[in-house]
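So the structure is just underneath, and the comments pick up after that.
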Protein chains: 2
Amino acid sequence: MASIRDVAKLAQVAPSTVSLVINNKGYVSENARKKVLDAIEKLNYVPNELARNLFRNSTNIIGIIVPDVAHPFFGAFISALEIALYKYNYKIMVCSTVERKNAEHEIVDMLQRQMIDGIIMGCHSLEVELYDNVNKPIVAFDRIINNRIPLIHSDHKQGGKLAAQTLIKAGCRHPLQITGIKNASMSAYSHHVAFKEELAKNGIDVINYEMKWNQFSMKYFKQVAVDVFEKYPEIDGIYGSDMVVCACLGEAHKRKLNIPENIKFIAYDGTFITESGFYNITSIVQQIDLLAAETAKMIVSLIKGKKVVKDKILPVVLRKGDTC
Amino acid sequence: MASIRDVAKLAQVAPSTVSLVINNKGYVSENARKKVLDAIEKLNYVPNELARNLFRNSTNIIGIIVPDVAHPFFGAFISALEIALYKYNYKIMVCSTVERKNAEHEIVDMLQRQMIDGIIMGCHSLEVELYDNVNKPIVAFDRIINNRIPLIHSDHKQGGKLAAQTLIKAGCRHPLQITGIKNASMSAYSHHVAFKEELAKNGIDVINYEMKWNQFSMKYFKQVAVDVFEKYPEIDGIYGSDMVVCACLGEAHKRKLNIPENIKFIAYDGTFITESGFYNITSIVQQIDLLAAETAKMIVSLIKGKKVVKDKILPVVLRKGDTC
DNA sequence: GTGAAAGCGCTAACAG
DNA sequence: CTGTTAGCGCTTTCAC
């Protein structure tokens, strides 16, 4: 590996001059610049980023932690984040927790060790105290950590309400919603609360079906679907996140229910899978690109030491499909 | 930020002693060790990984490049890679090309600049010559780059053959296959070739329908589905990758065809979406976890300077579903 | 405009 | 067993 010294020697200038040339800084005479560029060419020189990192004490890498990269929502989120952060010249390091419980701890550790410049937390399960000592850039996506760490998320209240209104308008009177575990740190849970409230306001009761924690496999969602129809044959509407609604739709089909006449569906998230089956599933769509763009902006602001809002909320949109 | 010197000063030992303690190397007296640990505790000292990186000239980060993180296949692949590489103490940096054409160039650049220790290339479009100067660890996943860069992929020939046999056995006589653009660098294309050959061997002709390059949106796949049925109403079997088969299945349903009586489907890849709709789609499954485990092993071997096989092929499996 | 020199924080020889 | 020292490769004052 040729170093900056080798280049300097060959070009007969000082290392600092070479540095100025590669970074396009300061004033370098045309003559010197040319000699340096020639030497770089000849030696096939590439600057060592590690040395730069050490000097600047930063890597331009942002860590992202999510439950599962393979989940359609998080896959799309990561994809959008990569693009958004690229504009600020940051790369991403991805960690998922679903198969690696200690990933969260590790990524915070990497932040402390200066390996990454900031963290976007798309999931969170560790003790909140862990974060009390961390005074570095963290943005929480849809997860409440503590009141020092800014939060960004969709307007879940609006989402839940919109879903309820849509179901009511379609004539649904016996809705069931499939929720994750209720958890104070998950801001997303609030769409289920809002859903219930809006229905109650209209004199409609909703059945709550609670799933196990941190389960993302289609196999599990299919079990849930069977269980839902076994236990609650009377329902005429189902609300839940994309994957479980897909599973329920399949189960309804098996039971020869007419959709949407006998039973209606609304999915929360609106990822591509709601548009990839027999039906376009009516969905409350989280605007992933927008969320990612704002999240990127926020973490970059934090890194630059700017103040940011503590709780950024972005609107959801209803996408009408065939199921409600 | 406390540095190793600060710790040494407080503990009244030399920096090197502190280094030995943090790395659990060499022999340190209990007394010194205790003093050091106390000082670390007191100062809230965390070692700076950047300095280590510079010294070791490595980061323990592997770059991964894929067309699209949000694509179910690549999402699952990345997820599995993360887990597999974790066992070797590597983290991953993800880049996708579909929205960022220069991502490939950049990641190679990062490799040259020592920012990452190796690359797993899940896609490839640049001029092959770019790689002629690169003498660092690269593993090609399903993409032929040059004969110096080892390749790992599923047994696509077996896959195509298996698909053909399955369709034939099910009674299909007018199959159509939906392919990507034929491209010499894509080892995956060979399953389409094998599919055709196996059918020919049985006296059956196949219609080839070619899609546009690098299109991964469900919207596009749905257009393709419509087009396929418009142009070739006579077909009784469709073979293609997961997403486009899902789209065709939906279109067949709209046209009130009976599945599998009137028309059969086999999907190539077998990601979760083949199990998330009304039907379990009969699929040729690429064993993503296995592929990822072998890919991880291979890149780590390269980094350690070991020899690796030039072309690693892993079996696919048939998963019977309801569509064939 | 350019060069010499200090230093980012850590590690590994090598003395003692 | 522990301290001194010399880098890893780059950037950045600050003289000249």
Side-chain angles (χ1 to χ4, degrees), chain A residues 1-40 43-61 89 109-117 136, chain B residues 1-40 43-61 89 109-117 136:
Chain A
M1 280 286 84
S3 87
I4 203 168
R5 274 169 222 281
D6 303 322
V7 175
K9 203 175 287 174
L10 184 61
Q12 316 214 54
V13 298
S16 54
T17 309
V18 179
S19 175
L20 291 178
V21 172
I22 4 182
N23 296 300
N24 257 319
K25 282 188 182 168
Y27 296 92
V28 180
S29 69
E30 269 319 302
N31 182 29
R33 162 167 279 117
K34 197 178 164 333
K35 283 195 292 181
V36 168
L37 291 176
D38 281 355
I40 286 176
L43 294 174
N44 235 315
Y45 168 76
V46 185
N48 182 327
E49 201 73 23
L50 304 183
R52 284 187 177 165
N53 288 345
L54 173 59
F55 185 85
R56 294 183 325 217
N57 209 27
S58 78
T59 56
N60 280 28
I61 299 175
N89 198 27
D109 205 48
M110 297 187 60
L111 184 64
Q112 307 270 39
R113 291 162 172 274
Q114 330 278 354
M115 270 289 278
I116 53 182
D117 295 351
K136 303 195 136 203
Chain B
M1 280 288 84
S3 86
I4 204 169
R5 277 168 220 282
D6 302 324
V7 176
K9 203 175 288 174
L10 184 61
Q12 315 213 55
V13 298
S16 54
T17 310
V18 179
S19 177
L20 292 177
V21 172
I22 4 182
N23 296 301
N24 258 319
K25 282 188 182 168
Y27 296 93
V28 180
S29 70
E30 269 319 303
N31 181 29
R33 161 166 280 118
K34 197 179 165 331
K35 282 195 292 181
V36 168
L37 292 175
D38 280 356
I40 286 176
L43 293 174
N44 234 316
Y45 167 76
V46 185
N48 183 328
E49 201 73 23
L50 304 182
R52 285 187 176 166
N53 288 345
L54 174 59
F55 185 84
R56 292 185 324 218
N57 208 27
S58 79
T59 56
N60 279 30
I61 299 175
N89 198 27
D109 207 48
M110 297 187 62
L111 185 64
Q112 309 269 41
R113 291 163 171 275
Q114 331 277 354
M115 270 290 277
I116 53 182
D117 294 351
K136 303 195 134 202

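Naming convention: chains lettered A, B, ... in sequence-line order (proteins, then strands); numbering from 1 in each chain.
Note that CD of B:Glu49 and CG of A:Asn53 are 11.5 Å apart. Values are rounded to the nearest 0.5 Å. Here A:Leu50 contributes atom CG and B:Ser58 contributes atom OG; the two are 8.0 Å apart, rounded to the nearest 0.5 Å. Of the inter-residue distances, the one linking B:Lys35 atom NZ with B:Ser29 atom OG reads 7.5 Å to the nearest 0.5 angstrom.
Between A:Thr17 and A:Arg33, the closest side-chain pair of non-hydrogen atoms is not below 4.5 Å. Side-chain contact check for B:Leu20 versus B:Tyr27: every heavy-atom pair is 4.5 Å or farther apart. Side-chain contact between A:Gln114 and B:Val46: absent, with no pair of heavy atoms (C-beta onward) separated by less than 4.5 Å.
Evaluation of the side chain to side chain donor-acceptor pair (under 3.5 Å) rule for A:Lys9 yields no partner, not counting sequence neighbours. Among residues two or more places apart in sequence or in another chain, the side chain to side chain donor-acceptor pair (under 3.5 Å) test is passed with A:Arg52 by A:Asn23.
When each of B:Asp6, B:Leu10, B:Val36, B:Val28 is paired with B:Val18, the side chain to side chain contact (heavy atoms under 4.5 Å, CB included) condition holds for B:Val36 and for no other.
Between B:Ile22 atom CD1 and C:dA12 atom P the separation is 11 Å, expressed in whole Å. The separation between A:Arg5 atom CZ and C:dA5 atom C1' is 10 Å, rounded to whole Å.
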Expected rows: protein N/O vs nucleotides 1-3 of chain C N/O, under 3.5 Å:
unit_1, atom_1, unit_2, atom_2, d
C:dT2, OP1, A:Ser29, OG, 2.4
C:dT2, OP2, A:Ser29, N, 2.6
C:dT2, OP2, A:Ser29, OG, 3.4
C:dG3, OP2, A:Ala14, N, 2.7
C:dG3, OP2, A:Thr17, OG1, 2.9
C:dG3, N7, A:Ser16, OG, 3.0

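Between chain B and DNA chain D, the heavy-atom contact criterion of under 4.0 Å yields a 5' to 3' nucleotide range of D:dC1 to D:dG9.
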inquiry  = Using side chain to side chain contact (heavy atoms under 4.5 Å, CB included), reason through A:Asp117 and A:Ile61 one step at a time and then give a plain yes or no.
reply    = CA-CA 6 Å; A:Asp117 295 351; A:Ile61 299 175; 6.0 Å; no

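Proximity of residues 51-59 of chain A to DNA chain D (heavy atom under 4.0 angstrom from any strand atom) is restricted to A:Ala51, A:Arg52, A:Phe55.
Nearest heavy atom pair, residue B:Leu111 against residue B:Ile116, reads CD1-O, 3.4 Å.
Side-chain polar atoms of B:Asn48 and A:Asn57 form a donor-acceptor pair below 3.5 angstrom.
The C1' atoms of five pairs define one axis at each end of the helix from C:dG1-D:dC16 to C:dG16-D:dC1, and these two axes lie 40° apart (to 10°).
Between the A:Asn60 side chain and the A:Asn89 main chain, a donor and an acceptor come within less than 3.5 Å of each other.
Residue contacts for A:Ser19: at a heavy-atom cut-off of 4.0 Å it reaches a base atom on one of the strands shown.
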